[in-house]
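Only one structure is covered here, and it is reproduced in the block below.
As the structure lists them, so they are numbered: ligands from 1, and atoms in each ligand from 1.
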Amino acid sequence: MPSNDGVRAVARSFRVLVIGGSYGGLAAALNLSDLAHGRKYRFDSNPDTKPPSWRIPLQITIVDERDGYFHLIGAPKSLACEKYAAESWTKFQDIPALKSPDFKVIQGTVSKVDCSSKIAHILDTQTKENRTEKYDYLIAASGLRRVFPVAPQSLRREEFLEEAKKHVENVRTAKDGIVVVGGGAVGIEMAAELKILYPEQKITLIHSRNRLLSSEDLPDDFAEKALEILREENVEVILGQRVTDTTAVDSGKSRVWRLTLANGEQLTTGLVLSAISRSVPTSTYLSPEALDEEGLIKIHPSLQFSGNVPNSEHHFAIGDLAAWSGIKRCGGAMHMGQYAAENIHKHMLAECTGEKPTFKSLTPFPSVMGLALGKKCAVYSPDEGTRASEELMDGMFGNDMANTICRNYLRLAESPKA
Ligand SMILES: Cc1cc2nc3c(=O)[nH]c(=O)nc-3n(C[C@H](O)[C@H](O)[C@H](O)COP(=O)(O)OP(=O)(O)OC[C@H]3O[C@@H](n4cnc5c(N)ncnc54)[C@H](O)[C@@H]3O)c2cc1C
């Protein structure tokens with residue numbers, strides 16, 4: 001039946017279950033809702049694209065362990081600054097873009113997905129009871145499990161604000177400075193951010209290899225630029241030394257830590273922050289057939305599962321949890337979310353109209369990285385090589401570690417159109 005705008009509605013409705021309401025999951029849910037309403041999807045900047053000519057009744061259920069959207073990129077800043085913490089976590093119920101009957105949000109942990117019956121088992125945080133959700137399409141966007149202080153461990157906004165408050169107090173009162181262990185992207189950003197927020201604190205970054213970012217597929221000149229900027233900003237950097245021992249020492253009223261390095265050198269510090277632990281895929285709710293040896297979900301370029309699981313064409317994986325090339329990034333997660341939305345929409349239309357779907361194919365991601373290093377940002381891409389400046393910082397991260405940039409891109413503050 002055509003509506004006033006000439007857009008017809010298909011005869012059936014669909015249930016979509018999104019596991020994870022962060023960059024990837026929200027990008028998929030919001031773009032899919034746009035398309036289902038006969039609108040161009042929100043990430044589409046091409047003025048010549050025509051909106052879809054069908055409406056598709058949808059129920060999109062988002063399940064997340066957290067009670068809101070958390071800006072993970074900004075964690076090095078939000079955990080160390082209470083004002084920024086408050087801006088970086090928004091409860092799902094307070095996000096205007098989700099205020100539509102299309103969306104239902106469950107705070108809970110998905111414990112098992114049965115791909116053959118298309119049922120997800122969820123431990124509901126509020127009721128503490130197990131519940132099930134049936135779906136027609138599933139989007140796995142639950143990312144990697146990260147430990148503190150790489151990511152906060154709180155699942156509720158109020159708890160997170162307390163967690164940040166406690167961390168701020170520890171950082172502020174640390175005697176003999178703070179040591180960050182691990183010179184990967186997170187450790188580097190953590191050290192730089194602490195120095196900017198607490199210039200009076202001595203901040204030391206220790207990395208076991210002779211080069212920062214040693215486990216990333218990035219050129220030496222990018223790692224050297226990051227080192228140069230850290231030193232310019234008065235972060236002490238120790239390279240090529242593993243921390244072999246960390247012992248608590250009571251020095252009168254306060255407790256400090258004595259670190260021993262591989263060369264026998266010792267240093268004392270008031271706070272040790274570890275940025276070395278490996279993040280673990282959250283895919284334990286899926287059968288091993290869906291996963292690669294690291295636990296990431298195997299996908300086709302259409303984002304559909306490529307492992308040997310039933311109904312694989314109705315199962316999509318995006319973001320950090322998907323086995324795909326390139327360095328895992330929030331931009332990549334949102335881009336995958338958009339592609340999953342487009343391809344699910346095409347698949348739904350095909351089921352209703354018999355039209356053969358032509359899926360969008362994801363191309364390999366190159367190794368790209370942007371590092372927020374206090375006042376400056378360093379960026380590497382294969383096309384433009386290594387660049388670094390304060391202007392780049394403005395464009396890439398603004399003054400809030402890209403919190404506003406990501407929210408605006410997802411259009412979280414916009415209420416859904418009728
Ligand atoms: C400190 C830090 C700094 C970073 N800086 C940058 C940067 O500058 N630029 C950049 O591009 N990228 C950066 N990244 C990487 C970027 O944050 C990730 O690539 C991005 O978060 C991936 O998004 P995602 O949606 O796939 O997963 P995530 O953002 O990890 O979200 C997964 C969601 O799923 C939920 N979840 C997990 N398990 C379950 C479950 N079983 N049931 C229900 N819900 C579940 C989680 O609560 C979470 O909300 C950074 C990462 C970190 C840790």
Inset, instruction - For ligand 1, find out whether one of its N or O atoms is nearer than 3.5 Å to an N or O atom of Cys330. - result: yes

Inset, instruction - Kindly determine whether His167 and Phe148 satisfy ring-ring contact (aromatic ring centres under 6.0 Å, His included), including the steps that lead there. - result: CA-CA 10 Å; His167 188 59; Phe148 181 88; 5.2 Å; yes

Inset, instruction - Write out the residue and atom name of the closest protein heavy atom to atom 14 (N) of ligand 1, then the distance separating them to 0.1 Å. - result: Ile73 CG1, 4.2 Å

Legend entry - Min side-chain heavy-atom separation His347-Asn343 under 4.5 Å: no

Inset, instruction - Report, in ascending order of atom number, the atoms of ligand 1 lying under 4.0 Å from any heavy atom of Val150. - result: 1 (C), 53 (C)

Inset, instruction - Would you mind listing which atoms of ligand 1 come within a distance below 4.0 Å of any non-hydrogen atom of Lys328? - result: 15 (C), 19 (O)

Inset, instruction - Specify the protein heavy atom at minimum distance from atom 19 (O) of ligand 1: its residue, its atom name, and the distance to 0.1 Å. - result: Asp320 OD1, 2.7 Å

Legend entry - Thr282 and ligand 1 - part of the residue with a heavy-atom distance under 4.0 Å: side chain

Inset, instruction - Can you pull out the closest protein heavy atom to atom 53 (C) of ligand 1? Residue, atom name and distance to 0.1 Å, please. - result: Arg146 NE, 3.4 Å

Legend entry - Worked check of ring-ring contact (aromatic ring centres under 6.0 Å, His included) between Tyr409 and Phe43: CA-CA 7 Å; Tyr409 192 58; Phe43 288 0; 4.2 Å; yes

Legend entry - Over 12 foreign heavy atoms within 6.0 Å of CD, Glu390: yes

Inset, instruction - Answer with yes or no whether Arg145 contacts ligand 1, where contact means a heavy atom under 4.0 Å from a ligand atom. - result: yes

Inset, instruction - Inspect the surroundings of CZ in Arg209 and state if more than 12 heavy atoms from other residues, nucleotides or ligands are less than 6.0 Å away. - result: no

Inset, instruction - Would you mind reporting whether Leu212 and Ile188 have side-chain heavy atoms less than 4.5 Å apart? - result: yes

Inset, instruction - Provide the number and element of each atom of ligand 1 under 4.0 Å from a heavy atom of Val63. - result: 43 (C), 44 (N)

Inset, instruction - Find all atoms of ligand 1 within a distance of less than 4.0 Å from any non-hydrogen atom belonging to Gly319, and give their numbers and elements. - result: 26 (O)

Legend entry - Protein heavy-atom partner closest to atom 42 (N) of ligand 1 - residue, atom, separation in Å: Val110 N, 3.0 Å

Legend entry - Lys77 to Tyr84 six-membered ring, cation-pi geometry met (6.0 Å, 45°): yes

Legend entry - ligand 1 to Val186 polar contact by distance, N or O atoms, under 3.5 Å: no

Legend entry - atom 17 (O) of ligand 1: the protein heavy-atom neighbour that sits closest, reported with distance to 0.1 Å: Leu72 CD2, 3.5 Å

Inset, instruction - Considering only non-hydrogen protein atoms, determine which one is nearest to atom 20 (C) of ligand 1 and report residue, atom name and distance to 0.1 Å. - result: Tyr23 CD1, 3.6 Å

Inset, instruction - Would you check the N or O atoms of Asp64, main chain and side chain alike, for any that come under 3.5 Å of an N or O of ligand 1? - result: yes

Inset, instruction - Could you tell me which atoms of ligand 1, counted from 1 in the order shown, lie closer than 4.0 angstrom to a heavy atom of Gly24? - result: 25 (O)

Legend entry - Min N/O separation Thr109 to ligand 1 under 3.5 Å: no

Inset, instruction - Please indicate whether any nitrogen or oxygen in Ile19 is less than 3.5 Å from any nitrogen or oxygen in ligand 1. - result: no

Inset, instruction - Find out whether Ser389 and Lys376 are in side-chain contact, i.e. whether some heavy atom of one side chain is under 4.5 Å from a heavy atom of the other. - result: no

Legend entry - Protein residue, atom and distance nearest to atom 29 (O) of ligand 1, heavy-atom basis: Ser22 OG, 2.7 Å

Legend entry - Cation-pi geometry met for Arg66 and Tyr69 (6.0 Å, 45°): no

Legend entry - atom 44 (N) of ligand 1 [closest protein heavy-atom partner, distance rounded to 0.1 Å]: Glu65 N, 3.3 Å

Legend entry - Numbering as shown, the atoms of ligand 1 that approach Gly143 to under 4.0 Å (heavy-atom distance): 27 (O), 30 (O), 32 (C)

Inset, instruction - Return the minimal non-hydrogen interatomic distance between Leu155 and Trp89, and the atom names on each side. - result: O-CZ2, 3.6 Å

Inset, instruction - Could you tell me whether Met190 approaches ligand 1 through its side chain, its backbone, both or neither, with non-hydrogen atoms closer than 4.0 Å? - result: neither

Inset, instruction - Run the salt-bridge test on Arg15 and Asp136 with the 4.0 Å N-O cut-off and return the result as yes or no. - result: yes

Legend entry - Whether over 12 other heavy atoms sit under 6.0 Å from Asn308 CG: no

Inset, instruction - Measure from atom 43 (C) of ligand 1 to every heavy atom in Gly108, Ser142, Ala141 and give the option owning the shortest one. - result: Gly108

Legend entry - Pairwise side-chain contact, Val368 with Pro382, heavy-atom cut-off 4.5 Å (strictly under): yes

Legend entry - Heavy-atom side-chain proximity of Val113 to Leu17 below 4.5 angstrom: no

Legend entry - Atoms in ligand 1 flagged as close to Pro76, the criterion being non-hydrogen separation under 4.0 Å: 1 (C)

Legend entry - Phe397 touching ligand 1 at heavy-atom level, < 4.0 angstrom: yes

Inset, instruction - State, with a plain yes or no, whether a side-chain heavy atom of Tyr198 is found less than 4.5 Å away from one of Val171. - result: yes

Legend entry - Atom indices of ligand 1 within 4.0 angstrom of Gly370 heavy atoms, with elements: 8 (O)

